[in-house]
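Worksheet: one structure, shown below.
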There are 2 protein chains.
Amino acid sequence: MEKDKSDKKDHILDVAEKVFSDLGYDAASTRTISGEAGVNMAMLNYYFGSKEGLFLAVFERKIEMFRSMLQNLGNDASMNAWDKLDAFIEAFINKVVVNSCFAKLINREMSLNRRDGLMDKIGDILLTNVLEVKKIIDDGKASGQFRQEADTEMAVATIFGTKNYITNTSLVASKMLGNDVNDAAYMENELKPRIKKYLKELLKAYLLK
Amino acid sequence: MEKDKSDKKDHILDVAEKVFSDLGYDAASTRTISGEAGVNMAMLNYYFGSKEGLFLAVFERKIEMFRSMLQNLGNDASMNAWDKLDAFIEAFINKVVVNSCFAKLINREMSLNRRDGLMDKIGDILLTNVLEVKKIIDDGKASGQFRQEADTEMAVATIFGTKNYITNTSLVASKMLGNDVNDAAYMENELKPRIKKYLKELLKAYLLK
DNA sequence: AAAAATCAATCAATCGATTAATTAATAATA
DNA sequence: TATTATTAATTAATCGATTGATTGATTTTT
């Protein structure tokens, strides 16, 4: 039945996404993935051809979710530059931190120097978000709200980099913060508001005149 | 002869560092490392006990210089908090950006959720560096030079995270900056001074009263 | 001669992938 | 509708290759 087949493939992709994210591509064995998914190992090859095919399928299923993160804040004329940046930080931390598992996977594979077509595709999608923030800051400088001397690209790197550091180096970050950043309740109730508040204060101090 | 033995071990560590950085921990086989180093495979276990021991030896050799620099900063009573932070940023960007290849490897492995003893050990070493910076900022708040409301841990995450973002997501960062961050000349002559200048201005605006 | 270093050979374990046999689901036919 | 033919899905078993590690013999150094 087509419905059940799709459900099963989706379930495999769910499990594969988690195992790949936790262990990395090489350490994530097909036996582990099939075992946790409760299916026979041969089903992975039956559905996806190979381990690499499974990996690509996980990626491509997620691409749409990344695309949906775009805000179109840049075209909103009713907000000034700082309000747009404030809104982006709010949405960015809200959306991306909950799926930090997959975000880690993306960042890890992106840090490898294998120039697949897939990596280029993902790079372009990530770049779209980056350029949107860059545009907001550049517009703020053009309108006179932000300091002319402010370094736009570096500020963008700080927004994405600070979040990545907390979610990607969870072992170190957890010890530094005295709490487990992988703990959902702590992340939701304490860390997320704290990151937002900090990033806004930081950029306000640096960007605003 | 002790001298030759040290040279040979150092040579193995040199090769291992390169192979680990290029392929990642899992994909870097002991046969590849020993082959490129021109030594028998058994020598790796003879010298370093295991593959994990070899990786740890590579890491500890790499971080030794970095650690001593930080400890010296913390115990220097002749500098105030901001001067220490300034000196740290200077040294941090200078030393770590040139070897971004290995830094990428560490970051990649740290982002995995596999809790072997290896990652715990590396996490502890990295934490030592993180806590040194944290101490500098906390001391600055205690002495009244920095704002009491400043978020110490987030500021630490920004320092490490901003640099990591530029070096680790080189594909996206290069497109955003309009230059190849892997190009040594651009990195040395333009990007490194720019990152230093930016981080100092950013933290000055956020931390200082 | 004693100790340390190095080697080829091999170990058991695990990897991704494939096979052949079996079951379940669908289509065709009478 | 009942039975059969066909296809799809699933399984256990196993393939060859590769992994990290170890052995015992051999060479080199002390």
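If you take CG of Asp26(B) and P of dT14(C), they are 15 Å apart, rounded to a whole angstrom. The nearest whole Å value for the distance from the CG atom in Asn45(A) to the P atom in dT11(D) is 14 Å. We find that CE of Met43(A) is positioned 17 Å from C1' of dA13(D), with the value rounded to whole Å. Atom OH of Tyr47(B) and atom P of dT22(D) are 17 Å apart (whole Å). Counting to the nearest Å, the C1' atom of dA21(D) and the CZ atom of Phe48(B) are 16 Å from each other. Distance Phe20(B) CZ to dT19(D) P: 13 Å, rounded to the nearest Å. The distance between atom CD1 of Ile33(A) and atom C1' of dC15(C), rounded to the nearest whole Å, is 12 Å. dG16(C) atom P lies 11 Å from atom CG of Leu23(A), rounded to whole Å.
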Table please: side-chain donor-acceptor pairs of residues 195-202 of chain B below 3.5 Å, with sequence neighbours left out.
| from | atom 1 | to | atom 2 | distance (Å) |
| --- | --- | --- | --- | --- |
| Lys196(B) | NZ | Glu90(B) | OE2 | 2.9 |
| Lys196(B) | NZ | Asn94(B) | OD1 | 2.7 |
| Lys197(B) | NZ | Glu201(B) | OE2 | 3.2 |
| Tyr198(B) | OH | Met154(A) | O | 3.3 |
| Tyr198(B) | OH | Thr158(A) | OG1 | 2.6 |
| Lys200(B) | NZ | Asp86(B) | OD1 | 3.4 |
| Lys200(B) | NZ | Glu90(B) | OE1 | 2.5 |

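Between Lys18(A) and Asp14(A) there is no salt bridge, since no side-chain N of the basic residue sits under 4.0 Å from a carboxylate O of the acidic one.
A sub-4.0 Å separation between OP1 or OP2 of dT6(C) and a side-chain N or O of Lys8(B) is present.
In terms of the salt bridge (charged side-chain N to carboxylate O under 4.0 Å, His left out) criterion, Arg31(B) has no residue partners (sequence neighbours excluded).
Without hydrogens or angle criteria, Gln145(B) side chain to Trp82(B) main chain gives a donor-acceptor distance under 3.5 Å. With Ser143(B) contributing its side chain and Gly140(B) its backbone, the two residues share a donor-acceptor pair below 3.5 Å. At least one donor-acceptor pair under 3.5 Å links the side chain of Glu109(B) to the backbone N or O of Tyr25(B).
Closest non-hydrogen pair, Ser21(B) versus Arg108(B), comes out as O-NH2, 3.4 Å.
Ala28(A) comes within contact range of the sugar-phosphate backbone alone, with a heavy-atom separation under 4.0 Å but no base atom that close.
Residues Thr30(B) and Tyr46(A) both approach DNA chain D. Their nearest nucleotides, taken by heavy-atom distance, put Tyr46(A) toward the 5′ side.
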Atom pairs, N/O to N/O, protein against nucleotides 8-12 of chain C, distance under 3.5 Å?
| from | atom 1 | to | atom 2 | distance (Å) |
| --- | --- | --- | --- | --- |
| dA8(C) | N7 | Asn40(B) | ND2 | 3.4 |

